[in-house]
2 protein chains.
Amino acid sequence: MRADAERNRKRVLEVALETFAAEGLSVPVAEIARRAGVGTGTVSRHFPTKDSLYEAIVLHLVAEIVDRARQLAATRDPGAAFFEFFALLVEHSAVNLGLSQAMSGTGFDVHSVALAPEHNLLAVEEELLVGAQKAGAVRPDVVPADVKALMVGCLAREQQGSDPEARKRMIDLACAGLRAQR
Amino acid sequence: MRADAERNRKRVLEVALETFAAEGLSVPVAEIARRAGVGTGTVSRHFPTKDSLYEAIVLHLVAEIVDRARQLAATRDPGAAFFEFFALLVEHSAVNLGLSQAMSGTGFDVHSVALAPEHNLLAVEEELLVGAQKAGAVRPDVVPADVKALMVGCLAREQQGSDPEARKRMIDLACAGLRAQR
DNA sequence: CTACAATCGGGACAGTTGTCCCGCTTGGTC
DNA sequence: GACCAAGCGGGACAACTGTCCCGATTGTAG
């Protein structure tokens, strides 16, 4: 690959990352190109469809989160690992509008492209959930889809006035619901 | 107003109601017109913009819910009134994709047009919330936006496999989080 | 330095959708 | 039954966006 092509590819990816994070996934491709200082043709050669641009960005972020989740699973007791993972996921998504939309399934379906083990958020989430349930830390009747829905709720909270305190409280509310009653 | 005009207006409203409920707010206006057996011009004369069509439909639904909420406030103790209201809101929205989207703020902002007392969901929600908090049934640090976010979470649950049991569990999870710990 | 192939820029194109307008039709009254 | 304004149908128009292509440019091997 030619040096300038490589440079352009990275630049587009970089600009797209921060633009999607700040303004969401609905920003036009032409706008990404403009901010990156390239033509639309250049973007569409490196990323033939908008989805492929989403993929390149979101999968990278997801891989990071999955990695952190596995670390948690290895170093914490099952209950703490699960709740810390939940908070981590929300915190990450809350500061990145694009990721938040992908997680909420608005505009891009993460899970249909994130099947490789290093991207499989669903699998690692289920792993942590089941572990926490076996340890008696989470209600036994909860399923992964419930957890995801609560996460979407936390992210929805961000859209109406976002401050760290509200975010913490919101995570706390969700976790309190999930916790096994004694 | 001419009789046929009145008839057409009602027919459009009726078709739009069920179409939005079944397929969401993104159905094109032309499709509504087609199903109602009228031209697009007829729709746009009665409802100059798509938003005005949303308004006519959603405000009607919201008015019903607000009414039910006031009944609950009058006939139940504050805690029960609040939790029953929450469940009611979710149940109503769950079976109506359009309402669900409006409640989640996806495609239409209910609260900016629902300011009249009989439509003011926000006001009645706050009323019930504060009552429940004073009675010690709900955590005192919760604010209305938190409740709305949890509701959005419940509605998000519907999008990934919807069955009555899961819905009940999801409402239960959310309410458990809101409840004051002892 | 030269030549050529890879790459680039940006405009063309197609598909969607909301809004508006105009010529024709029809309901309701005299 | 006739008249005319209210109302209708549906096509025109504009705005937006994703995708593709072509002529111009530029990096790089020899």
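Computed from a prediction, not measured in an experiment: that's the story for all the values here. Chain letters run A, B, ... following the sequence lines, proteins first, then strands; residues in each count from 1.
In this structure, B:Gly41 and B:Arg7 both approach DNA chain C, and ranking their closest nucleotides by distance from the 5' end singles out B:Gly41. Comparing A:Thr42 and A:Ser26 by the nucleotide of DNA chain D that holds the closest heavy atom to each, the one mapping nearer the 5' end is A:Ser26. Between A:Gly37 and B:Val29, the residue anchored closer to the 5' end of DNA chain C is A:Gly37, taking for each the nucleotide with the nearest heavy atom.
C:dT17 atom P lies 12 Å from atom CD of B:Glu23, rounded to whole Å. Distance, B:Ile32 CD1 to C:dT19 P: 13 Å, rounded to whole Å. The CD atom of A:Glu31 sits 11 Å away from the P atom of D:dG18 (whole-angstrom rounding). We find that CZ of B:Phe47 is positioned 17 Å from C1' of C:dC20, with the value rounded to whole Å. With rounding to whole Å, B:Arg45 atom CZ is found 9 Å from D:dG9 atom C1'. The interatomic distance linking A:Glu6 (CD) with C:dA6 (C1') rounds to 14 Å, in whole Å. In this structure, OH of B:Tyr54 is placed 10 Å from C1' of C:dG18, rounded to the nearest angstrom. When the C1' atom of D:dG7 is taken as reference, atom CG of B:Asp4 falls 6 Å away, rounded to whole Å.
Closest to the side chain of A:Met1, out of C:dC8, D:dC8, C:dT7, is C:dT7. When each of D:dC8, C:dA6, C:dC20 is scored by its nearest atom to the side-chain atoms of B:Thr40, the top-ranked nucleotide is C:dC20. Comparing atom distances between the B:Thr49 side chain and each of D:dG7, C:dT19, C:dT7 picks out C:dT19 as nearest. Closest to the side chain of A:Ala5, from the set D:dG7, C:dG28, C:dC8, is C:dC8. The side chain of B:Ala3 lies closest to C:dG28 when the candidates are C:dC8, C:dG28, C:dG18. When the nucleotides D:dC8, C:dG18, C:dC8 are ranked by their closest atom to the side chain of A:Asn8, C:dC8 comes out on top. For A:Arg2, the side-chain atoms get nearest to C:dA6 when compared with the rest of C:dA6, C:dG18, C:dG9.
Between the side chain of A:Asn8 and the main chain of A:Ala5, no donor-acceptor pair closer than 3.5 Å is present. Within the 3.5 Å criterion, the main-chain N or O of A:Leu122 finds no donor-acceptor partner in the side chain of A:Lys148. B:Arg45 places no side-chain N or O within 3.5 Å of a backbone atom of B:Pro48 that could act as its donor or acceptor partner.
Among the protein residues, A:Ala33 comes within range of no part of the nucleic acid, since none of its heavy atoms lies under 4.0 Å from any strand.
Under 3.5 Å, the side chain of B:Ser44 and the base of C:dG18 form no donor-acceptor pair of N or O atoms.
Contact annotation: A:His46 side-chain N/O to C:dT7 OP1/OP2 distance is not under 4.0 Å.
Here the straight-line distance linking atom CD of A:Glu31 with atom OG of A:Ser26 works out to 11.0 Å at 0.5 Å rounding.
The shortest side-chain heavy-atom distance between A:Met170 and A:Val90 does not fall under the 4.5 Å cut-off.
Each of B:Glu23, B:Glu14, B:Glu18 was compared with B:Arg35 under the salt bridge (Lys or Arg N to Asp or Glu O under 4.0 Å) criterion, and only B:Glu23 meets it.
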